[in-house]
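Values in this document were obtained by computation on a predicted structure and should not be read as measured data. The chains referred to below are lettered A, B, ... by the order of the sequence lines, with proteins before strands, and numbering in each begins at 1.
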Amino acid sequence: MHEISHALLKWYRKHQRSLPWRGEIDPYLVWVSEIMLQQTRVDTVIPYYLKWKKRFPTLQALAAAPEGDVLLLWEGLGYYSRARNLHLTAQLIHEKYGGVFPQDPNRLRSLPGIGEYTANAIASICFAVPLVAMDANIKRIFARLMDFEEPLTSQFAKTQLANFGRTLLGEINAGDLNQALMDLGSSICLPGDPNCELCPLSPYCVSHQNGTQTQRPVMKKKKEIPTYQVVAAAIINEHGEFLLAKRPKGGMLPGLWEFPGGKVEAREDDPTALLREISEELGTSILIGKKIGGYRHAYTHFRVVVRAYLCTLDGPAPQALEAQEIKWVTREQMQGFAMGKVDRMIARDLCGMGSILL
DNA sequence: TACTCGTGGAA
DNA sequence: TTTCCAAGAGT
């Protein structure tokens, strides 16, 4: 074990990546980077991290910001509850901890959006607490080093991984170990086709010796994902403003703005579905005009094919029956409202349409 | 335990 | 085009 960590740190000293948050010890910034990096690639995170650091340089700046600003900066990163939890936790630390980041992993763990991984990452990197931050990279590396033959989802597997990590850690600095393993996992010990020839740990890797490295870790097969047909209405009023709805809490994309609409049910055509959705969501009716565009998008558990139509109101004033809030906004104002990918594409196409006539 | 929650890049 | 899946958390 001692030899493994020695070989790893020797490799890390030479090959570690240069990243905007690498070497950072301000727990606020380490926290922000760790949250952004959850399920998200480094190359995607970097521009967001730099923007964030500029706009919200301190925990106090974040705590004082309006939620709309936070979501707008986050737009495009996905998993938007991360942004709301950052905001929430900043306010919580500001109020309950006097703005000082807690160091105790258990206390960190109790904050919204901080789970076991992130708590251990912050504690190890900022405060040298001796804990392994068990992310997907580290699990994969450990599973290969051990040639672990089962999926990693069981409690038994988690115990095995934790024991292996504790032994490997020994007296090494945990922040260095964690970041070294993550760099190795992202550049050498890749999920699909690991570069074992370049790996400093291959002499100690059981799956490499057994030739099973591409089969580790054993993954459970995932179920198929459905595709839904969806319609959306860009309702324009006499001032050239469009109706946006703020999505409800609890579902997808909470707090983000969208064009009203929804799923086309079985045996419905687009107009029928759209009129039904507008009635349910806004308590009014519309006239459906020309098609703005068609959009394909893949979420984690389903795909959608969205068709958006230019519409006008044909009934009483719309009410926010399901949305948190509704608002008439000009095309120019729309970029100031945080949206998911599909609605942003619709908004973009709307802006490219020039003068609009039904 | 298993499912929900986004998006984009790579193969 | 499709599939995979990335520094996970919450329920």
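A:W21 comes within contact range of at least one nucleobase, with a heavy-atom separation under 4.0 Å. Residue-level contact check: A:G115 touches the backbone only, with heavy atoms under 4.0 Å from sugar-phosphate atoms and none from bases. Residue contacts shown for A:M182 include a base, since a base heavy atom lies under 4.0 Å away. Residue contacts for A:L19: at a heavy-atom cut-off of 4.0 Å it reaches a base atom on one of the strands shown. Using a 4.0 Å heavy-atom criterion, one finds that A:L77 contacts the bases of the nucleic acid, with or without backbone contacts as well. Counting non-hydrogen atoms under 4.0 angstrom, A:S81 reaches nothing in the nucleic acid. If you check every strand for non-hydrogen atoms under 4.0 Å, A:R17 touches a base. Using a 4.0 Å heavy-atom criterion, one finds that A:Q179 contacts no nucleic acid atom at all. Heavy atoms of A:K220 sit under 4.0 angstrom from primed sugar atoms or phosphate atoms, though from no base atom. A:G185 comes within contact range of no nucleotide atom at all, as no heavy-atom separation falls under 4.0 Å.
Residue A:T300 places a side-chain atom within donor-acceptor reach of the base of B:dG6, judged by atom type and a 3.5 Å distance cut-off alone. Checked by distance alone, A:R82 brings no side-chain donor or acceptor within 3.5 Å of a matching partner on the base of C:dA7. One can find a donor-acceptor pair under 3.5 Å joining the base of B:dG6 and the side-chain atoms of A:T40.
DNA chain B lies under 4.0 Å from no heavy atom of any residue of residues 117-149 of chain A.
Contact annotation: A:K341 reaches the phosphate of B:dG8 (side-chain N/O to OP1 or OP2, under 4.0 Å). The shortest distance between the side-chain N/O atoms of A:R303 and the OP1/OP2 oxygens of B:dG6 is not below 4.0 Å. Between A:Y80 and B:dT7, a side-chain N or O to OP1/OP2 separation shorter than 4.0 Å is present. Taking side-chain N and O atoms only, A:H297 has no distance below 4.0 Å to OP1 or OP2 of B:dG6. For the OP1/OP2 pair of C:dA7 and a distance below 4.0 Å, the side-chain nitrogens and oxygens of A:Q38 include no atom meeting the criterion.
In A:H297, the NE2 atom is crowded: over 12 heavy atoms of neighbouring residues, nucleotides or ligands sit closer than 6.0 Å.
If you check the side chains of A:N137 and A:R140, you find a donor sitting under 3.5 Å from an acceptor.
Of the possible polar contacts, none joining the A:T212 side chain to the A:Q215 backbone as a donor-acceptor pair under 3.5 Å is found. Remark: the backbone N or O of A:A63 is paired with a side-chain donor or acceptor of A:Q91 at under 3.5 angstrom. For the pair A:R307 (side chain) and A:K291 (backbone), a donor-acceptor distance under 3.5 Å is absent.
Nucleotides C:dA7 and B:dA11 are separated by 15 Å at their P atoms, to the nearest Å. Straight-line distance between the P atoms of C:dC4 and B:dC3: roughly 16 Å, to the nearest whole Å. For C:dT11 and B:dG6, the P atoms lie 14 Å apart once the distance is rounded to whole Å. Taking the C1' atom of each, C:dA6 and B:dT1 are spaced 22 Å apart, rounded to whole Å.
Under a 4.0 Å N-O distance rule, the pair A:R22/A:D183 qualifies as a salt bridge.
Put simply, the side chain of A:Q213 reaches to within 4.5 Å of the side chain of A:C196, judged on heavy atoms.
Remark: A:F101 pairs with A:W31 by the ring pair (Phe, Tyr, Trp, His ring centres under 6.0 Å) rule, at least two apart or across chains.
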